[in-house]
Amino acid sequence: MANVSIAPNALKRIQNQPRVRDFLAAALVEGRLSHAYLFLGVPGAGMLEAADALAQCIVCPQGGDGSCDECIRVAHHTHPDVRHLSPGGVSGYLVDQVRELMEDVAMAPVRAGAKVYILDGADRLRGRSANALLKTIEEPPPNVVFILIARSADAVLPTIVSRCQQVPFRVVAPQVAIDSVVRKTGVSEEEARIALAVTGAPSRAAEFLASPGRREVRRTMVRVLCELENDDAWDVLVAAKDLCARIRSPLDEVRQQQERASADDEEFLSDRALRQIEEMHKRELTARERSGIMEALAAAESFLRDVLMRCEGAAEPMVNTDVEDAVERIAQATTTAGVLGALEACRVAAGNVAHNVTPQLALEVMLFSIKEALVCPPLYR
């Protein structure tokens, strides 16, 4: 294994998975990087963060210094030679997604000497989409690296697994994750616990805490749930609209970053390459908006789990300590079955968003369902 002291700076940030960090560092130092990796582990284990770190090492002229323009673009998901993909349908990856990937693989890199494709949820590759990807992984062009991310190898097409270098990620203990966020950001344990509940991983939690807009989305969602019992139908519709507006607000900064990056690229890229980057930027904004919605839903689930724990009299520490009074009040006014119904409404909303239901409609339906499940009778003006 490579010593951490000689690992690229980008990989040194993989603090909670030292074996993974050293394994990847050794592959880079010894020049034996695989053309396809399969990262295996539970959400929150840092697989996406590790994939980004490896991508930085691959496209960075300095081998992954973590601070140059190329590395920053990878971190912001705006590098034209590093593609991030996730399932486009409620049942998994779409065939058109894989076909588009195959077309892109055949093209030369835009900025770097290599291209990286990061596929989250690779265990949701099914049927024709899985077989189409298999052909690409079996005979990839030179200087193309695939990083697939899945919970378990058993859920991935066996022939795809056989073509990949498997990299297992260990489960990160909750307190370890909290301590990691506290060290990175200097916030309290309570704030770190909230950020982890919303994002699921230490590095994402740190990004969340650094974004006033994303933190405001969480506060707005929690406030909406706290006030839901006194809201009438009009109030619920207004609350859903406000939530959507706040979810989109942090995207303004992303758009500005994209515009600056596009201005830099215009000097040396062809019209076709610029159009490809523009389409990539549009996909990124869509993905980020969806990610913001999922964070808002995660905030709702975290709040409702606190209510559930109080209904059951569990001794587990509360996550949303900043609204402890509201948690206690709602727990006393509802039942365990009611909270479970409210949590199911969150799950349904996530499925609707994944199935391309408009975010505002998904949130409206969810809030009305939560209100009904918690036995909060509607008020009329």
Derivation of the side-chain contact (heavy atoms from CB on, under 4.5 Å) call for Met47 and Val20
CA-CA 10 Å; Met47 293 179 291; Val20 171; over 6 Å; no
Could you go step by step and tell me if Glu316 and Arg310 meet the salt bridge (Lys or Arg N to Asp or Glu O under 4.0 Å) rule?
CA-CA 9 Å; Glu316 183 175 336; Arg310 289 300 173 269; over 6 Å; no
Kindly determine whether Lys135 and Glu138 satisfy salt bridge (Lys or Arg N to Asp or Glu O under 4.0 Å), including the steps that lead there.
CA-CA 5 Å; Lys135 295 178 182 178; Glu138 283 180 327; over 6 Å; no
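Listed for the Ser162 side chain is a donor-acceptor partner under 3.5 Å among the backbone atoms of Thr159. The closest donor-acceptor contact from the side chain of Asn9 to the backbone of Gly66 lies at 3.5 Å or more, if one exists at all. Side-chain N or O atoms of Lys115 include none that pairs as donor or acceptor with a backbone N or O of Pro80 at under 3.5 Å. The closest donor-acceptor contact from the side chain of Gln17 to the backbone of Ala45 lies under 3.5 Å. Between the side chain of Lys184 and the main chain of Ala206, no donor-acceptor pair closer than 3.5 Å is present.
Salt bridge status for Arg111 with Asp69: present, with a side-chain N to carboxylate O gap under 4.0 Å. In this structure, Arg13 does not pair ionically with Glu49, as no charged nitrogen and carboxylate oxygen lie closer than 4.0 Å. A salt bridge does not link Arg204 to Glu207: none of the charged side-chain nitrogens sits closer than 4.0 Å to a carboxylate oxygen. For Asp104 and Arg83, the salt-bridge test passes: some basic side-chain N is under 4.0 Å from an acidic carboxylate O.
The shortest non-hydrogen separation linking Ile247 to Gly292 is CG2-C, 3.9 Å.
For the residue pair Ser188 and Glu191, a side-chain donor N or O sits within less than 3.5 Å of a side-chain acceptor on the partner. Using a 3.5 Å distance cut-off with no hydrogens or angles, the side chains of Arg73 and Thr78 do not pair a donor with an acceptor. Between the side chains of Glu328 and Gln332, no donor-acceptor pair of N or O atoms lies under 3.5 Å. Asn320 and Asp306 are linked by a side-chain donor-acceptor pair at a separation below 3.5 angstrom, with hydrogens and angles left out of the test. Glu312 and Thr336 share a donor-acceptor pair across their side chains, judged by distance under 3.5 Å alone.
Leu133 pairs with exactly one of Leu119, Val105, Leu157 by the side chain to side chain contact (heavy atoms under 4.5 Å, CB included) rule, that one being Leu119. Shown are Arg193, Arg218, Arg219, Arg223; of these, the salt bridge (charged side-chain N to carboxylate O under 4.0 Å, His left out) with Asp322 is made only by Arg218.
Proximity of the aromatic rings of Phe146 and Tyr37 is defined here by a centroid distance below 6.0 angstrom, and this criterion is not met.
Counting only heavy atoms from C-beta outward, the side chains of Val217 and Val198 never approach each other to under 4.5 Å. Taking 4.5 Å as the limit, every side-chain heavy atom of Ser369 sits out of range of all side-chain heavy atoms of Glu372.
With rounding to the nearest 0.5 Å, the separation of OG1 in Thr136 from CZ in Arg163 is 12.5 Å. Here CD1 of Ile293 is found 10.0 Å from CE of Met221. Values are rounded to the nearest 0.5 Å.
Around atom CZ of Arg170, more than 12 heavy atoms belonging to other residues, nucleotides or ligands sit under 6.0 Å away. Within a 6.0 Å radius of CD in Gln175, more than 12 heavy atoms belonging to other residues, nucleotides or ligands are found.
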